[in-house]
Protein chains: 2
Amino acid sequence: MAEEKVERFYDWFLRVLEEGEFIDQRYPVKGFIVHRPNAAIIEKHVYDMIEGELEKEGHKRSMFPSVVLKSFFEKEAEHAEGFAPEVFWLEPIKGESEERLALRPTSETIMYYMYALWVRSYRDLPMKLYQSCQIWRLDTKATKALLRDREFYWIEAHDVFRTPGEAEEQVLTDERIMQKTVWERLGIPFVFLKRPEWDKFPGGEATYAFETLAPDGRALQFGTTHNLGQKFSKSFEIQYLDEDGEKKMPYQTCFGPGVSRILACLIAVHGDDKGAVLPFEVAPVQVVVVPVLFKDNMKEKVMEKARELHKTLSKDYRVVLDDSDKTPGNKYYHWELRGVPIRIEVGPRDVEAGKVTLVPRDTGEKKQVPEENVLDAVKEEAAAMLERMKEKAKKDFESRVAEASSMEELGKKLDEVRGFVKVPFCDVESFDGLACADEIGERFKAFVRGVPAHNPEKPPEGARCIVCGKPAKHIVWVSRSY
Amino acid sequence: MAEEKVERFYDWFLRVLEEGEFIDQRYPVKGFIVHRPNAAIIEKHVYDMIEGELEKEGHKRSMFPSVVLKSFFEKEAEHAEGFAPEVFWLEPIKGESEERLALRPTSETIMYYMYALWVRSYRDLPMKLYQSCQIWRLDTKATKALLRDREFYWIEAHDVFRTPGEAEEQVLTDERIMQKTVWERLGIPFVFLKRPEWDKFPGGEATYAFETLAPDGRALQFGTTHNLGQKFSKSFEIQYLDEDGEKKMPYQTCFGPGVSRILACLIAVHGDDKGAVLPFEVAPVQVVVVPVLFKDNMKEKVMEKARELHKTLSKDYRVVLDDSDKTPGNKYYHWELRGVPIRIEVGPRDVEAGKVTLVPRDTGEKKQVPEENVLDAVKEEAAAMLERMKEKAKKDFESRVAEASSMEELGKKLDEVRGFVKVPFCDVESFDGLACADEIGERFKAFVRGVPAHNPEKPPEGARCIVCGKPAKHIVWVSRSY
């Protein structure tokens, strides 16, 4: 495990993001950052990936207005209370008497106003729409690049169903989408937690969160999915005429994969002291070709070979030929910081042997491959590298989930494993447990993140809440968090 | 030429957009419309298309903040004057003393603040970035769906060069990008006009516009490209150290293809009284399979064949099987309105003959094709249909460009050809011609749109401005407009 990223995570993270030209924080408005090509291109690939899965599951792309009426917020009381302090308001428009408008902090109220107009009959259901957009939240805490910005990028999918069973099923589908993308293709291991009652989405019935771990031990939530039940269909009067001729209220879910947050996870989970380590599929530059010029008499031959390789590889991959006049060492530093998955070195000896040297970013282990096999060799190495990255990340994640059976042990384990600690806990299904959760928060700056959505562990016979000593209904996952 | 779309264009346009479920205007905030899947999916394809060309020309994707500081506007005086009345301001944030913020009406000032930080050496040039985003303009005129919204979707590409020649070259590249996409792949004919001096982008040196014609004779601008010269590099202090060791100011261009506007053009240019006619490449549904069930005894066989066709076609295309219980006539109406390029009918006779009936949206001419050739037949018909659409649109466009040599004739021709009328005009290269342009505006509600960027016609010897009678320097294009 790399030292710098563990010991001083956020400093390391910010150095990689800024020196690696992923983002720039110098735009002088708090919480509004610039996503430079190295970030925006990865985010585009993440968007494509998740949108593709959403579409396979029957969702259609839409674009809804970015402003919301004050009265819309107020239709769902809990929702209004949860979001009202966190929005940017627009100044009233001179000469127009429209009501107060805010920038969307999320789009439930915008979309469900329209859903009430569109949903008429059971034939219109399920209705599944998504939009890929930015949202704005007026977080008054210190902002942190990609982790807590005031403007950030996500997808939001909003679904409407006839039955509560279909809504529950959708929650599992959302999880499967994240498995197939964030885990399988990006190699980010995660836990899918059902949040405690007091930590639900304002206006929802149940909230589930996708979380991985930052190197410093804090949980990184990169998405949520909410079972809204009929709460919003009541407040927004969404109704449909069922087959039996009766008017009914549908059940709803919403799913919000955080694209900027997924980028943060990619850097945080896979990076090392040299910088980012990117999965091949989403890397803005997948292969860098570096000519290594020692002998002057071979210079032209080496350059020619490098140009040839660049051309060959560009057919299938995003490739850069670094023919700048920097030293090879400086070039390696430059591209390693940016996480380029595969480096191909061509030196005089390679040219003579008809080979090239291939260096995967994760291990840095050089291997020679015959020049004519280079396309296949890159493909194979890319696949092998993803498997290695997944294995490493999973092992690390699993090693950072511990158990504790007392407050003291919880505190010790949180520092020791830098991750999740599972403890017996009185109650997360009602507000009864909130006081205990608050005490954990006060003592350790840690939070009860919830219980796994699937097969949650049962507390052993007679187990008691580590805070209040009452009988434990759950084994909850506790961690610090961003 | 279709009657309804010519005679009552905007009514027809809105009917197609709303009944065809492209957009919904019922969201109760003026100028903020909902882009439903039928619009959002087309817009996504248009984004992909133009982004692809921009990337081939060396542009990289980025995402910049959506808010702009008041002081940034004010750095470029003309720019500030041009945009200040047209922006949405945010309310001040309680407890923070930041300066007034607006939603971006365009991103020059946001991006160039960053460019000043990034551009250091001649090695950093050219710098070519684009972002795909929405912008907000507080237009106080009546809003019109997709034509004049307060929130709309576009791409903006912002380039920085060492020499004025490269900037001029980029203007031509931008035009080529539009030729390769909007004309060649979407079949929208256009003219590329250099705007008069008084109609330039606020803060630019020269403005060029891409314009096609709406059926009612008004010009539809769907993009602009601006040669900014050194105006913004001066006001934002963008400087680079050149090879000769001297600090120099670069030359800039910006290019803004209007994605929502291109969607409007697609509907307006290709549509007919039955609704939209969409180019195959961007259609959300490319093929609809309609089983035609007359004989009861054949019903199951026809349905089976329809399902089989749906499966076969889905391998390569976006296909819907309409197995609803509507009549075939109602189904045709439904899908024609939405512009689905190819309908495939399967009836009992088709099943018996081993054939299917293929109906392209533009001509409606039925043709039978052997079932086993259906994939190829669709591909060929799609290509042939695009060619027909292009030819028809081009012929229509060309027939609507006329000439006039007096004010009286100009008025007559504007009504007669419903398009552009070319007239001798005193001067568009300085404000000297503004009074004449205003007079044309007052008399005919028409505007001097500019002169073609390439090979502009020279006025004949002794030609005089049709307004003031002074010697004519130019042949200008005049039209009404959206």
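By convention in this document, chain letters (A, B, ...) are assigned in the order of the sequence lines, proteins followed by strands, and residues within each chain are numbered from 1.
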**OP:** Output, in order, the C-alpha distance, side-chain angles, deciding distance and verdict of side chain to side chain contact (heavy atoms under 4.5 Å, CB included) for B:W89 and A:L90.
**Re:** CA-CA 6 Å; B:W89 294 103; A:L90 295 185; over 6 Å; no
**OP:** Any chance you could lay out the salt bridge (Lys or Arg N to Asp or Glu O under 4.0 Å) test for A:R100 and B:E91, step after step, and finish with the verdict?
**Re:** CA-CA 10 Å; A:R100 213 169 167 209; B:E91 282 187 6; 2.9 Å; yes
Original post:
Does the pair B:M114 and A:D24 meet the rule for a side chain to side chain contact (heavy atoms under 4.5 Å, CB included), with working shown?
Top reply: CA-CA 9 Å; B:M114 300 308 300; A:D24 199 314; 3.3 Å; yes
**OP:** Determine, step by step, whether A:L103 and B:L103 satisfy the side chain to side chain contact (heavy atoms under 4.5 Å, CB included) criterion, reporting the C-alpha distance in whole Å, the side-chain angles of both residues, the deciding distance to 0.1 Å, and the verdict.
**Re:** CA-CA 10 Å; A:L103 294 181; B:L103 294 180; 3.9 Å; yes
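Counting non-hydrogen atoms of neighbouring residues, nucleotides and ligands closer than 6.0 angstrom, the NZ atom of B:K326 exceeds 12 such neighbours. Counting heavy-atom neighbours within 6.0 Å of A:E237 CD, excluding the residue itself, gives a total of 12 or less.
The two residues B:A40 and A:S62 make their nearest non-hydrogen contact at CB-CA, 3.6 Å. Residue A:F64 comes nearest to B:Y153 through the heavy atom pair O-OH, 3.9 Å, listed as atom of the first residue, atom of the second, then distance.
Per-residue heavy-atom pair counts under 4.5 Å with chain A were compared for B:K30, B:M111, B:E43, and the maximum is reached by B:K30. In terms of heavy-atom pairs under 4.5 Å with chain B, the best-connected choice from A:Q134, A:H35, A:K60 is A:H35. When B:I33, B:I41, B:I110 are compared by the number of non-hydrogen pairs under 4.5 Å with chain A, B:I110 comes out ahead.
Using non-hydrogen atoms only and a strict 4.5 Å limit, the part of residues 45-54 of chain B facing chain A consists of B:D48, B:E51. Along residues 117-131 of chain B, the residues that come nearer than 4.5 angstrom to chain A, judged on non-hydrogen atoms, are B:L117, B:W118, B:L129 in order of number. Residues of residues 143-151 of chain A lying within less than 4.5 angstrom of chain B, judged on heavy atoms, are A:R150, A:E151 in numerical order. Heavy-atom neighbours of chain B within the stretch residues 66-74 of chain A, taken at a separation under 4.5 angstrom, comprise A:S66, A:V67, A:V68, A:L69, A:F72.
Taken from CZ in A:R61 to CG in B:N38, the straight-line distance is 14.0 Å, to the nearest 0.5 Å. The distance from the CZ atom of B:F88 to the CG atom of A:L101 is 8.0 Å, given to the nearest 0.5 Å.
A:E21 does not touch chain B: none of its heavy atoms, backbone or side chain, sits under 4.5 Å away. Both the backbone and the side chain of A:Y27 come within contact range of chain B, with heavy atoms under 4.5 Å apart. With a 4.5 angstrom heavy-atom cutoff, A:P284 does not touch chain B via any of its atoms. Using a 4.5 Å cut-off between heavy atoms, B:L138 contacts chain A through its side chain alone, with no backbone atom that close. No part of B:K94 comes within reach of chain A, as not one of its non-hydrogen atoms sits under 4.5 angstrom from that chain.
Residues A:V29 and B:P65 form no side-chain contact, since every pair of their non-hydrogen atoms from C-beta on lies 4.5 Å or further apart. Counting heavy atoms from C-beta outward, A:K44 and B:M63 have side chains that stay 4.5 Å or more apart.
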